[in-house]
Amino acid sequence: MMTAQALYETLLAAYGQPQWWSDNPYTVMVQAVLVQNTAWSSVLKVTAAMEEPLTPQRVLEMETDALEQLIRPCGFCKAKAATLRRLTAWYAQYDCDAQSIMHMAQARIRRELLSLKGIGAETADVILVYGFHKPSFIIDVYTRRFLARLGYGFADDEAIRQFFQRELPMEARLYGWFHWLILMHGIQRCKKNPACGGCPFYGACHEAQK
DNA sequence: AGCCAGGGTCTAA
DNA sequence: TTAGACCATGGC
């Protein structure tokens with residue numbers, strides 16, 4: 001089994017410098033909700049097509065029906081509109097000031113995010129890492145498939161979290177980059193080619209998905 | 001036509 | 001505690 005560092009180095013060498021989700025914390029929050037079980041292209045369709053970017057104030061003051069229609073192409077629009085409202089109300093509790101939230105303990109921020117209906121572990125960790133620069137490793141379906149193909153037999157997400165957080169420096173930047181690289185790998189190489197021919201892990205990548 | 005896309009909640013066993 | 005149903009839409 002490769003170490004977490006070795007996995008990262010291999011991905012980095014193959015795919016190059018990873019991107020950051022967004023430097024705007026609220027953009028991260030909104031897009032993290034919209035992308036739930038939804039194609040990224042649909043998220044762009046909604047967020048990139050707006051004349052004015054979605055602000056906390058707009059989300060809180062807009063009519064429910066208008067908000068639902070706005071995000072409609074992303075699917076689950078009623079549920080996601082309500083989740084966006086709850087998440088934004090939470091953000092407004094801290095005056096929509098990311099800096100003040102970043103001063104809070106990581107465990108507290110995560111607990112508060114998870115208490116919001118519609119925000120699960122993955123979405124909370126995306127917001128923690130990319131929005132507030134807190135090292136909470138993001139585990140999504142790509143991460144699970146990635147490790148499973150390489151033969152790691154983790155029992156659950158908690159075991160995966162332990163693996164990464166024990167071996168890696170606790171740096172949000174690194175966690176965000178790692179997540180991005182796993183995503184690139186999953187999308188570009190292993191989607192239509194489960195055998196991973198030509199992928200940076202060669203024959204180590206085995207087993208069908210899931 | 002059917003399956004999947006950077007999930008989460010609720011219920012039944 | 002875990003598996004399955006359900007939620008909505010768009011692209012291929």
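The structure displayed is predicted, hence computed values, not measured ones. Proteins get letters first, then strands, A, B, ... in listed order; numbering begins at 1 in each.
With rounding to whole Å, A:Leu70 atom CG is found 16 Å from C:dA8 atom C1'. The CG-P distance, from A:Leu84 to C:dA8, rounds to 14 Å in whole Å. As a whole-Å value, the separation of A:Arg72 CZ from C:dG11 P is 13 Å. For the pair A:Gln31 CD and B:dA5 P, the interatomic distance rounds to 19 Å; values are reported in whole Å. Atom pair A:Asp157:CG and C:dT2:P shows a separation of 11 Å (rounding to whole Å applied). One interatomic measurement links the two molecules: CG of A:Leu34 to C1' of C:dG10, which rounds to 14 Å at whole-angstrom precision. Atom pair A:Ile187:CD1 and B:dC4:P shows a separation of 16 Å (rounding to whole Å applied). Atoms CD (A:Gln69) and P (C:dA8) sit 12 Å apart, rounded to a whole Å.
Taking every side-chain heavy atom of A:Ala39 into account, B:dA5 is the closest of B:dA5, C:dA8, C:dT9.
The residue among A:Cys74 and A:Ser41 whose nearest nucleotide of DNA chain C is located toward the 5' end is A:Cys74.
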For nucleotides 7-13 of chain B, give me every protein contact, N/O to N/O, under 3.5 Å, one pair per line with atom names.
| unit_1 | atom_1 | unit_2 | atom_2 | d |
| --- | --- | --- | --- | --- |
| B:dG7 | OP2 | A:Asn37 | N | 2.8 |
| B:dG7 | O5' | A:Asn37 | N | 2.9 |
| B:dG7 | O4' | A:Asn37 | N | 3.4 |
| B:dG7 | O3' | A:Thr123 | OG1 | 3.3 |
| B:dG8 | OP1 | A:Gly120 | N | 2.8 |
| B:dG8 | OP1 | A:Gly120 | O | 3.2 |
| B:dG8 | OP1 | A:Thr123 | N | 3.0 |
| B:dG8 | OP1 | A:Thr123 | OG1 | 2.6 |
| B:dT9 | OP1 | A:Gly118 | N | 2.9 |

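Using a 3.5 Å distance cut-off with no hydrogens or angles, the side chains of A:Glu112 and A:Tyr94 do pair a donor with an acceptor.
Of all the heavy atoms in A:Ser136 and A:Asp125, the pair that sits closest is OG-OD1, 2.6 Å.
Taking the six-membered ring for Trp and thresholds of 30 and 60 degrees, A:Phe154 and A:Phe163 have ring planes inclined between 30 and 60 degrees apart.
Only the P atoms considered, C:dG10 is 24 Å distant from B:dT9, to the nearest whole Å. B:dC3 and C:dA5 have their P atoms separated by 14 Å, with the value rounded to a whole Å.
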> Given A:Gln17 and A:Trp177, is the side-chain contact (heavy atoms from CB on, under 4.5 Å) satisfied, shown in steps?
Replying inline: CA-CA 8 Å; A:Gln17 178 58 35; A:Trp177 287 338; 3.4 Å; yes
> What do the steps show when you test A:Lys134 against A:Ile127 for side-chain contact (heavy atoms from CB on, under 4.5 Å), and what is the final call?
Replying inline: CA-CA 9 Å; A:Lys134 297 290 186 182; A:Ile127 293 170; over 6 Å; no
>> A:Phe146 vs A:Phe178, test: ring pair (Phe, Tyr, Trp, His ring centres under 6.0 Å). Steps then yes/no.
In response: CA-CA 12 Å; A:Phe146 172 62; A:Phe178 209 143; 7.2 Å; no
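For the pair A:Lys45 and C:dT9, the criterion of a side-chain N or O lying under 4.0 Å from OP1 or OP2 is not met.
Residue contacts for A:Lys80: at a heavy-atom cut-off of 4.0 Å it reaches no nucleic acid atom on any strand shown.
Among residues two or more places apart in sequence or in another chain, the ring pair (Phe, Tyr, Trp, His ring centres under 6.0 Å) test is passed with A:Phe132 by none.
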